[in-house]
Amino acid sequence: FLVVVMFFEDYIKEPLKYALSDTKKLFVGGVLSLVGMISILFGMFLIILGIMPHMMPEMPHLQAFGILGVILGGGFGLVGLLCLLVISGYYMQIIKHTLNDKNELPEWENFLHMIKKGFLYMVGVSILSILINIPSYLFAIVYAYNDSLIISILDNIISITCSLAVWLIIPLATVNFVAKDRFFAFFY
C-alpha cells in the first residue's frame, strides 16, 4: 500500500502540481496547441478542396478555388506547423528546467529559439524513428512478395519490436539532446 501511495505522490501528484503551477503559461501552451492543430486541419481541408476540382471534372463550380485553396491551405498548414514547433521547443525548455532542478515552468519567450529547438527535435525524432524501423520496413517488403503465415507473424513481431525500441529510445535521446544541447546527441 505504501508503494502505491509513494507512486501516486511521485508520479501523479507532483507532476500535476508542476504543470498547474502557472495557469497562464499552461493556457498559452493550450491555445498554441489548439491553434496549431486547427490550422493544420483547416489547411489540409483547403488543400483537398483546391485539388478536388482537378480530380473530379463534374465539380466545375470549384474550379476557380483550385490554386487559391492550395495556397491558402499551405499558409494555414505553415502557421499550424510553426505553432507546433514552438510547443516542441517549449517542451525542450521544460526538460532543461527539470534537468537543472528548477521547479517552475519556463517563460514563453524567444519564440525563434523555440522554433529552432522544436524543428531540431522533430527532425531528430523522425531520423531516429526511421533508422530504428528499417528492419520493419525491409521485412514488410519481403512480406509483400511472400504472404505466407510465417512471414506475416515474423513481420508483426519485428514491427512490434521496432515500435517498442522507438518507444524506449526516443525519450532517452530527447533528454540527451537537451542535456548536451547538440543535435547529434540524439544519436549518442
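Note that these values count all heavy atoms, side chains included, but never hydrogens, waters or copies made by symmetry. What you are looking at is a predicted structure, and each value in this text was computed from that prediction instead of being measured.
Counting heavy atoms from C-beta on, the side chains of Cys162 and Ile158 come closer than 4.5 Å. Using a 4.5 Å heavy-atom threshold, the side chains of Thr174 and Tyr91 count as touching. Annotation: side chain of Leu154 is not in contact with side chain of Val142 (no heavy-atom distance under 4.5 Å). Using a 4.5 Å heavy-atom cutoff, the side chains of Ser136 and Asn133 are in contact. Contact check for Ile134 versus Leu138: side-chain heavy atoms found under the 4.5 Å cut-off. Between Val175 and Pro171 the shortest side-chain heavy-atom distance does not fall below 4.5 Å.
Heavy-atom minimum distance, Ser39 versus Val79: OG-CG1, 4.0 Å. Of all heavy-atom pairs spanning Ile151 and Asn146, the tightest one is CG2-O, 3.4 Å. What you find for Ala165 and Ile132 is that their closest heavy atoms are CB-CG2, 3.7 Å.
Every ring-ring contact (aromatic ring centres under 6.0 Å, His included) that Phe42 has, sequence neighbours left out, goes to Phe76. Phe186 is linked by a ring-ring contact (aromatic ring centres under 6.0 Å, His included) to Phe177, Phe183, counting only residues two or more places apart in sequence or in another chain. The side chain to side chain contact (heavy atoms under 4.5 Å, CB included) check on Ile141 picks up Tyr145, with sequence neighbours excluded.
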Identify each donor-acceptor pair in which a side-chain atom of residues 123-131 lies under 3.5 Å from a protein atom, sequence neighbours left out, and give them as a table.
from: Ser126; atom 1: OG; to: Met122; atom 2: O; distance (Å): 2.8
from: Ser129; atom 1: OG; to: Val125; atom 2: O; distance (Å): 2.9

Result block: side-chain N/O donor-acceptor pairs under 3.5 angstrom for residues 92-102, not counting sequence neighbours:
from: His97; atom 1: ND1; to: Glu104; atom 2: O; distance (Å): 3.2
from: Thr98; atom 1: OG1; to: Ile94; atom 2: O; distance (Å): 2.9
from: Asn100; atom 1: ND2; to: Lys96; atom 2: O; distance (Å): 3.2

Note to self: side-chain contact (heavy atoms from CB on, under 4.5 Å) for Ile87 and Cys83? Distances and angles first, verdict last.
What the structure shows: CA-CA 6 Å; Ile87 294 294; Cys83 287; 5.7 Å; no
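Contacts classified as side-chain hydrogen bond (donor to acceptor under 3.5 Å, both in side chains) and involving residues 107-125 (residues at least two apart or in different chains) are given here: Lys25-Glu107, Lys117-Asp181.
One hydrophobic cluster holds both Tyr90 and Val28 under the rule that ILVMFWY side chains link at heavy-atom gaps under 4.5 Å. When hydrophobic clusters are built by joining Ile, Leu, Val, Met, Phe, Trp and Tyr residues whose side-chain heavy atoms come closer than 4.5 Å, directly or via intermediates, Val178 is grouped together with Phe111. Ile169 and Leu120 end up in the same hydrophobic cluster when Ile, Leu, Val, Met, Phe, Trp and Tyr side chains are linked at under 4.5 Å. The hydrophobic cluster containing Leu49 also contains Leu68, counting ILVMFWY residues as joined when their side-chain heavy atoms lie under 4.5 angstrom apart, directly or transitively. Residue Leu16 is grouped with residue Phe8 when hydrophobic side chains (ILVMFWY) are merged at heavy-atom distances under 4.5 angstrom, including chains of intermediate members.
In this structure, CG on Asn156 lies 10.0 Å from CZ on Phe139, to the nearest 0.5 angstrom. Here CG of Asp155 is found 9.5 Å from CD1 of Ile160. Values are rounded to the nearest 0.5 Å. Distance check, rounded to the nearest 0.5 Å: CG of Leu20 to CG of Leu105 gives 9.0 Å.
Under the 3.5 Å distance criterion, the side-chain polar atoms of Ser21 are matched with a main-chain donor or acceptor of Tyr18. Under the 3.5 Å distance criterion, the side-chain polar atoms of Ser152 are left unmatched by any main-chain donor or acceptor of Ser148.
Of the residues Ile38, Val31, Leu32, the one that meets the side-chain contact (heavy atoms from CB on, under 4.5 Å) test with Val35 is Val31.
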